[in-house]
Amino acid sequence: MSKRFPAEDYALPFFKQEGFIRKQCPKCGEYFWTQNAQMETCGEAGSDECGCYTFIGEPAAKKPFSLPEMREAFLSFFEKNGHTRVKPYPVVARWRSDIYLTHASIIDFQPYVTEGIAPPPANPLVISQPSIRLTDIPNTGPTFGRHLTIFEMGGAHAFNYPDKEVYWKDQTVRYHHEFATEALGIPSEEVVYKEDVWIGGGNAGPDVECIVRGLEVGTLVFMQYKVVGEEFVKLPIRTVDTGYGIDRFAWISQGTPSLFQAIYGDMLDKVYSMAGISKVDNQFLTRVGKYSGLVNVDKTANRMVLRKRVSQLTGIDLTTLEKELIPIENAWALTDHTKTLCFMLSEGVVPSNIQEGYLARLLFRRAYRLARGLNMDIDRLYDIVDLQVDKWGRDFPQIKAMHGEIVEMLKMEQEKFEDTLKRGEGMVKRIAADLKAKGISQISNETLSELYDSHGLPPEIVKQAAEAEGVAVEVPENFYSLVANRHMQANKPTEEDTVAEHSLEVAVQGLPPTELVYYPEPYTREWNAKVLKIVNSEYAVLDRTCFYPEGGGQPADHGYFAYGGGVQAEVVDVQKVGRVVLHKIKTENALPSEGTTVKGILDWERRHALMKAHTGTHLVNGAARRVLGEHVWQSGTQKGLESTRLDISHYRRLTPEEVNRIEVLANEAILANMPVETTWFPRNEAEARYGFRLYQGGAVPGKEIRVVKTGNWDVEACAGTHLKSTGEIGYLKILSTERVQDGVERLVYAVGIAAVKAVQRQETLLRKVAETLNAPLEKLDKTAERTVKELKEANSEKKKLLKELAAKESGALAETVAETEDVNGVKLVKRDFGEETDVNRMVQTASEIIKRNEATATVFYGADQKTARIMVMAGAEAVAKGVNAGAIVKLAAPIFGGGGGGRANFAQGGGTKPDKLAEAVKAAEDAIKKQLTP
RNA sequence: GGGCUGGUAGUUCAGCUGGUAUGAACGCUUGACUUGCACUCAAGAGGUCGGGGGUUCAAAUCCCCCCCAGUCCA
């Protein structure tokens with residue numbers, strides 16, 4: 001979608017007053033505002049080459065600022081100007097269901113604030129938000145720090161309501177200009193404002209980019225539209241969304257060749273020395289850094305073209321450029337990635353193969369490969385992590401608090417990756433050897449993408465391993481799009497359910513919100529209500545209800561309505577659509593008519609059990625966190641009558657000991673009989689009071705949040721029905737655990753009487769086993785062990801005996817049990833095994849006989865009531881003379897109603913008509929004779 | 001949430017167009033020869049072919065369900 005806003009949208013009084021001129025850049029074609037009449041291009045050092053970085057070596061500000069200094073300068077500037085300082089939000093956007101990571105400051109206020117559902121924590125406000133952008137991975141390094149996977153976005157936000165204007169475009173630009181010129185001392189005529197259109201996250205509006213000496217240091221967005229199809233629809237709330245690149249501002253204030261030097265300072269030297277980069281030529285970096293603005297790996301896929309251009313502009317030859325630059329870029333990227341990992345893991349992201357955990361894994365593996373590429377001992381990676389914790393731990397205390405867990409999770413991840421690599425290298429070796437044997441000297445693209453897609457082997461690693469085996473690998477330029485193509489097939493959306501849901505939404509329109517009696521009175525089992533509407537002749541809508549609708553992993557209540565003197569309508573399901581509760585009535589039952597007053601009666605046994613399960617779940621969650629660590633988050637839950645489950649994030653399989661400890665802790669929490677308090681808080685207050693740990697169950701909609709506080713054990717935002725106190729649960733028993741995904745463990749447990757019954761079931765099972773084994777319960781393990789051992793021994797004894805028997809029967813004894821005949825120099829041995837149909841025994845015997853004389857063919861057979869079997873084996877000499885066992889069985893087996901086959905030296909067959917066996921044997925005998933007849 | 005790959009001896013794997021697991025290598029045990037850099041040679045032990053169901057005369061092999069593990073993408 002390309003759209004331009006009219007020029008007047010950007011013609012601000014500020015520009016006029018301060019003598020800014022609007023110009024069109026001849027290179028990129030964009031309009032920009034500047035006080036410098038001599039300026040021809042917009043000066044932005046992008047791929048259009050409108051300029052280069054002129055701050056490198058010549059700092060743009062009055063003094064150098066470190067990142068924390070710049071952050072403080074920014075925050076205090078806006079604070080001075082009437083903004084309230086707000087603490088940064090987490091980098092894991094758990095309050096949102098559409099994204100995993102916070103990638104801008106505005107993310108903190110979407111959708112509740114920007115859509116007017118909840119008020120902002122302050123208005124206007126200022127925040128410095130650590131933001132993670134993994135789409136910038138390939139650019140991190142090559143662009144000298146213009147792109148980072150983690151950066152701090154300074155956000156000064158104002159939310160303008162129809163009835164309350166805070167400030168809008170003009171004031172926003174004024175603030176920026178004042179910050180840049182007065183707070184930082186950047187000369188006014190060096191600040192350029194570029195007109196631009198901003199579209200993101202379904203919203204849009206005009207924006208201006210702020211360029212200083214070639215670098216975009218900020219974007220001032222005026223969010224005022226919702227994107228609907230191709231159209232922009234005006235929003236009631238106009239949001240000032242400014243993004244100040246705090247890191248970039250620090251960079252221009254220091255004028256270092258790269259942003260990394262500005263942010264990391266001395267720490268970078270330590271990384272260099274770990275990476276074995278002995279001398280870093282700052283003059284060289286300065287020359288290259290000036291032109292780093294035109295590098296953008298996404299837009300111009302071919303990296304080499306970019307390098308060539310940089311080489312042209314700097315006059316440094318390509319080889320030198322590559323050789324000098326690549327290790328440094330990699331060290332930069334490594335430094336950046338470890339910082340991002342520290343932030344992510346400190347908030348409880350567990351590396352895994354799904355969701356945000358996968359992003360952490362991706363990042364770690366990349367960091368690992370960068371370290372390897374720099375010939376760095378992998379242990380140094382953890383030294384860098386330590387440096388990061390030291391560097392950022394003061395301003396972001398959770399990083400310091402989680403230091404141990406971060407390192408542990410990373411080490412675990414390292415182990416897993418090294419296993420994958422080892423496995424993969426073995427696989428490549430075998431593939432290479434196989435190809436070589438077939439005379440193929442190159443690994444196909446198909447194989448290459450499969451190795452990556454299914455086994456996680458990046459092509460460079462395959463190349464390395466294959467070439468060591470003497471098989472070539474050519475990695476196609478478009479490798480990753482080839483992989484993407486493999487995913488293109490079959491993504492069929494099944495959206496039948498949404499249609500039905502939509503019809504309910506329409507049906508409840510205009511109805512008043514149902515009064516939810518189950519919240520203030522979770523123990524009320526009977527109440528009177530008026531039927532407001534019957535929907536789709538199956539759902540009843542009441543004015544007030546005690547029936548809990550399905551949600552938050554808690555199943556719907558059941559029960560019935562009584563009305564009209566003795567009529568009962570059973571409620572089999574309850575759903576909430578919007579703010580209206582729908583009660584599904586059993587199909588066979590009569591529906592009460594609209595306007596009737598009904599008495600609702602809850603299936604209390606069911607509801608009470610579910611309440612126990614729900615409160616119990618909060619206890620298990622709290623117990624798991626205490627036993628396993630602060631990285632534990634709920635990643636899903638389903639309450640049930642028989643058993644309930646809770647999925648938690650954790651980086652390794654739970655041990656039985658850990659499970660026992662969780663169980664004991666949870667039961668201690670029950671015995672402590674702690675009160676369960678539920679309180680509605682305004683969103684901001686809830687977050688301020690309890691932090692983002694509240695969002696255990698994921699995103700919670702609405703302006704007000706229901707907070708469930710279980711004694712001193714656990715606090716969560718939760719919409720379920722809860723007990724008054726924990727003691728009511730009685731007893732909680734963990735039944736089993738499983739691994740749902742890498743990094744997600746599932747605990748299955750039962751509460752109350754269901755828990756007792758579960759224990760009884762397990763006991764019954766044990767007792768049965770004990771009876772079968774005829775052993776006392778307490779010696780069951782030893783007895784089972786011994787029994788299995790004995791069974792194994794018996795089996796191997798049987799095998800041995802079979803062999804011995806075969807050896808005997810193949811010798812002298814053979815004469816007595818088998819018929820032997822000589823046909824043209826081949827000994828034909830025929831034997832009826834009677835009721836023995838175990839081919840294994842026939843095979844053993846036959847091969848013993850043949851071992852003695854290769855010029856032998858055996859025809860063995862047997863039959864029980866139901867099936868007949870025939871087996872033909874021929875020695876090498878017999879085969880040479882023409883015997884073909886396969887052909888014989890194929891011919892003979894159909895006679896007794898079956899089939900069979902095999903090879904020339906061995907074949908077997910079976911059938912279902914044992915009475916025809918003799919006939920088939922005769923046929924087989926004749927066939928052999930025929931084969932041996934010249 | 002979607003896709004792909006795998007589960008066979010203690011380990012790494014072969015076998016998978018159904019028809020003997022005489023499986024291979026390494027490891028292990030015993031013996032011989034040597035004692036030096038993966039010693040060599042001989043003999044031997046070691047398998048519910050992840051689990052369950054189905055098709056078939058016959059399933060490691062084909063089909064379905066489940067479990068376990070790996071991996072890519074959003």
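The basis for the numbers below is simple: all heavy atoms, side chains too, and nothing from hydrogens, waters or symmetry mates. Keep in mind that what you see is a predicted model, and the values were worked out from it rather than measured. Each chain gets a letter, A, B and so on, in the order the sequences are listed, and its residues count up from 1.
- The partner of U48(B) cannot be assigned: no Watson-Crick or G-U wobble pair with both contacts below 3.5 Å exists in any strand.
- The partner of A60(B) is absent, by the rule that a Watson-Crick or G-U pair needs both atom distances under 3.5 Å.
- Cation-pi geometry between R831(A) and F833(A) is satisfied (NZ or CZ under 6.0 Å from the ring centre, within 45° of the ring normal).
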Item to check | Full working for salt bridge (Lys or Arg N to Asp or Glu O under 4.0 Å) between D926(A) and K930(A) | outcome: CA-CA 6 Å; D926(A) 290 347; K930(A) 207 166 161 193; over 6 Å; no
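- Contact check on R652(A) versus E408(A) returns a salt bridge, with a Lys/Arg side-chain nitrogen under 4.0 Å from an Asp/Glu carboxylate oxygen.
- Considering only the side chain of R365(A), U71(B) comes nearest among U20(B), U71(B), G19(B).
- Of the listed nucleotides (U71(B), U5(B), A74(B)), A74(B) has the atom at the smallest distance from the side chain of Q355(A).
- For the P atom pair drawn from U71(B) and U12(B), the interatomic distance equals 15 Å after rounding to whole Å.
- Taking atom CE of M427(A) as the reference point, atom C1' of A14(B) lies 14 Å away to the nearest angstrom.
- In this entry C26(B) has G10(B) as its Watson-Crick or G-U wobble partner, both defining distances falling under 3.5 Å.
- Look at the C1' atom in both U20(B) and A58(B): the space between them is 13 Å, to the nearest Å.
- Checked for salt-bridge contact, D915(A) and K913(A) miss the test: no charged N lies under 4.0 Å from a carboxylate O.
- Look at CG on L448(A): it is 16 Å from C1' on U5(B), rounded to the nearest Å.
- The base of U5(B) does not come close enough to the side chain of D453(A) for any donor and acceptor atom to sit less than 3.5 Å apart.
- As the counterpart of U55(B), no nucleotide is assigned, since no Watson-Crick or G-U wobble pattern has both distances under 3.5 Å.
- For A38(B), there is no paired base (Watson-Crick or G-U wobble, both distances below 3.5 Å).
- Note on G426(A): nothing from the nucleic acid sits closer than 4.0 angstrom, heavy atoms only.
- Nucleotide A69(B) has U5(B) as its partner under the Watson-Crick or G-U criteria, with both atom distances under 3.5 Å.
- Remark: ring of F906(A) stacked against base of U20(B); centroid gap under 5.5 Å, plane tilt under 30°.
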